Amino acid sequence: MNVRKFLCLLILAGLTLLFTVSCGKKEEQPPDQVMADISASAQVVQGDSSLSCTVTRNPEGVGVISVTQPAPLEGLCFEWKGNGYGISYHGLACEASTPFLPSTSFASAIMNALEACETMDQLQIQSQEDGKTVYSGSSESGPFIITVDNQDGFIEQLSMEDLQLSVNFTRQTAS
């Protein structure tokens with residue numbers, strides 16, 4: 001009789017273990033592609049300064065960063081035109097064939113990081129948790145870390161420690 005109880009308990013323990021393992025947390029999968037071609041709102045903090053802007057970038061690397069806050073800078077636009085660069089502010093515009101912003105400026109750093117994210121082989125997975133994947137990479141502006149939503153591949157956060165830069169992206173759509 002004791003052998004039967006022991007076997008029943010052993011079978012019950014085995015079934016419980018099997019159920020626990022089969023219902024356990026599934027391994028998270030990183031996105032197939034990081035969305036580097038986007039249209040999004042962004043909250044930018046660099047050092048002691050903060051601002052709001054919109055960021056648009058297409059697959060050809062053409063993009064615009066337009067400042068929306070603070071009020072004195074509203075309407076300031078930085079443009080990457082494929083064959084040139086531009087900056088405009090309330091009707092005043094300047095174009096150049098070479099970049100005029102330093103790579104350490106927030107606008108250049110954002111665009112350079114997005115460009116570096118175009119190919120997944122340049123990114124290294126740092127961690128995965130709660131439906132997000134954290135990658136590290138390097139761009140013309142320096143090393144960066146991005147947090148990406150595993151469902152849609154959109155970058156939610158970008159940080160560049162060397163530049164004291166932090167960017168939170170919201171309301172994203174593919175470009």
Side-chain angles (χ1 to χ4, degrees), residues 21-47 49-68 76-87 95-175:
V21 169
S22 66
C23 293
K25 188 174 170 183
K26 292 183 180 176
E27 185 176 320
E28 293 195 36
Q29 295 296 315
D32 294 332
Q33 184 66 38
V34 172
M35 298 296 290
D37 307 318
I38 62 166
S39 178
S41 295
Q43 291 297 120
V44 179
V45 175
Q46 188 171 26
S49 301
S50 65
L51 57 87
S52 298
C53 61
T54 58
V55 178
T56 304
R57 183 179 185 280
N58 72 17
E60 292 78 34
V62 175
V64 175
I65 294 180
S66 181
V67 177
T68 57
L76 179 60
C77 290
F78 304 99
E79 301 173 50
W80 287 258
K81 299 181 175 192
N83 60 351
Y85 303 87
I87 185 170
E95 292 189 11
S97 59
T98 58
F100 48 82
L101 291 175
S103 64
T104 56
S105 71
F106 83 91
S108 290
I110 290 171
M111 287 305 217
N112 289 337
L114 290 174
E115 181 180 348
C117 291
E118 284 182 334
T119 54
M120 296 290 286
D121 61 347
Q122 294 184 15
L123 302 174
Q124 294 82 42
I125 294 176
Q126 299 300 304
S127 66
Q128 291 181 275
E129 190 175 330
D130 298 328
K132 314 282 185 222
T133 301
V134 176
Y135 295 93
S136 63
S138 186
S139 74
E140 194 175 308
S141 296
F144 64 87
I145 294 177
I146 57 171
T147 302
V148 178
D149 185 300
N150 291 344
Q151 292 289 330
D152 54 25
F154 283 123
I155 299 169
E156 294 182 346
Q157 295 178 323
L158 162 67
S159 64
M160 299 181 108
E161 187 176 327
D162 293 352
L163 302 180
Q164 298 178 349
L165 177 69
S166 174
V167 183
N168 290 315
F169 294 100
T170 58
R171 295 191 295 273
Q172 299 183 52
T173 58
S175 206

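Just so it is clear, the values below take in all heavy atoms, side chains as well, and ignore hydrogens, waters and symmetry mates. This structure is a prediction, so every number in the text was calculated from the model and none was measured.
Note that CG of L165 is 5.0 Å distant from CD of Q46, once rounded to the nearest 0.5 Å. Remark: E140 CD to M111 CE distance equals 13.0 Å, nearest 0.5 Å. Rounded to the nearest 0.5 angstrom, E79 CD and I65 CD1 are separated by 11.0 Å. Expressed to the nearest 0.5 Å, how far CD1 of I155 lies from CZ of F144 amounts to 7.5 Å. Atoms SG and CG, on C117 and L158 in that order, are 7.5 Å from each other to the nearest 0.5 Å.
Under the rule for a side-chain hydrogen bond (donor to acceptor under 3.5 Å, both in side chains), T173 has no partner lying at least two apart in sequence or in another chain. Applying the side-chain hydrogen bond (donor to acceptor under 3.5 Å, both in side chains) rule to D152 yields no partners; only residues at least two apart in sequence or on another chain are considered. The side-chain hydrogen bond (donor to acceptor under 3.5 Å, both in side chains) test applied to Q43 returns S52, not counting sequence neighbours. Q33 is linked by a side-chain contact (heavy atoms from CB on, under 4.5 Å) to M120, counting only residues two or more places apart in sequence or in another chain. In terms of the salt bridge (Lys or Arg N to Asp or Glu O under 4.0 Å) criterion, residue partners of E156 (sequence neighbours excluded) are, by chain and number, K132. Taking Q151 as the reference, D149 meet the side-chain contact (heavy atoms from CB on, under 4.5 Å) condition, with sequence neighbours excluded. With sequence neighbours left out, Q157 forms a side-chain contact (heavy atoms from CB on, under 4.5 Å) with T147, N168. Under the rule for a side-chain hydrogen bond (donor to acceptor under 3.5 Å, both in side chains), E161 has no partner lying at least two apart in sequence or in another chain. Looking at residues two or more places apart in sequence or on another chain, you find no side-chain contact (heavy atoms from CB on, under 4.5 Å) involving S138.
Heavy-atom contacts from other residues, nucleotides or ligands closer than 6.0 Å to CD of Q126 number more than 12.
Nearest approach of V67 to C53, heavy atoms of both residues: CA-CB, 3.9 Å. For G137 against L123, the heavy-atom pair with the smallest separation is CA-CD2, 4.3 Å. What you find for T98 and Y85 is that their closest heavy atoms are C-CD1, 3.3 Å. Counting all heavy atoms, side chain and backbone alike, F169 lies closest to A40 at CD2-CB, 4.1 Å. Across all non-hydrogen atoms, the minimal contact from A109 to S141 is CA-OG, 3.3 Å.
M160 pairs with exactly one of S166, S139, P143 by the side-chain contact (heavy atoms from CB on, under 4.5 Å) rule, that one being S139.
Among residue pairs with one or both ends in residues 55-65, those qualifying as salt bridge (Lys or Arg N to Asp or Glu O under 4.0 Å) are D37-R57, R57-E118; sequence neighbours excluded. Sequence neighbours left out, the pairs with a member in residues 95-109 that pass salt bridge (Lys or Arg N to Asp or Glu O under 4.0 Å) are K81-E95.
Contact check for L76 versus I87: side-chain heavy atoms found under the 4.5 Å cut-off.
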Check: Going through the checks in order, is the side chain to side chain contact (heavy atoms under 4.5 Å, CB included) test met by L114 and V55?
Finding: CA-CA 10 Å; L114 290 174; V55 178; 4.1 Å; yes
Next item on the list: Take T54 and S39 through the test side chain to side chain contact (heavy atoms under 4.5 Å, CB included) and record every step on the way to the result.
Entry: CA-CA 7 Å; T54 58; S39 178; over 6 Å; no
Please tabulate, for side-chain N and O atoms in residues 100-107, each donor-acceptor pair with protein atoms closer than 3.5 Å (sequence neighbours left out).
from: S105; atom 1: OG; to: P102; atom 2: O; distance (Å): 3.0
from: S105; atom 1: OG; to: S108; atom 2: N; distance (Å): 3.2
from: S105; atom 1: OG; to: S108; atom 2: OG; distance (Å): 3.2

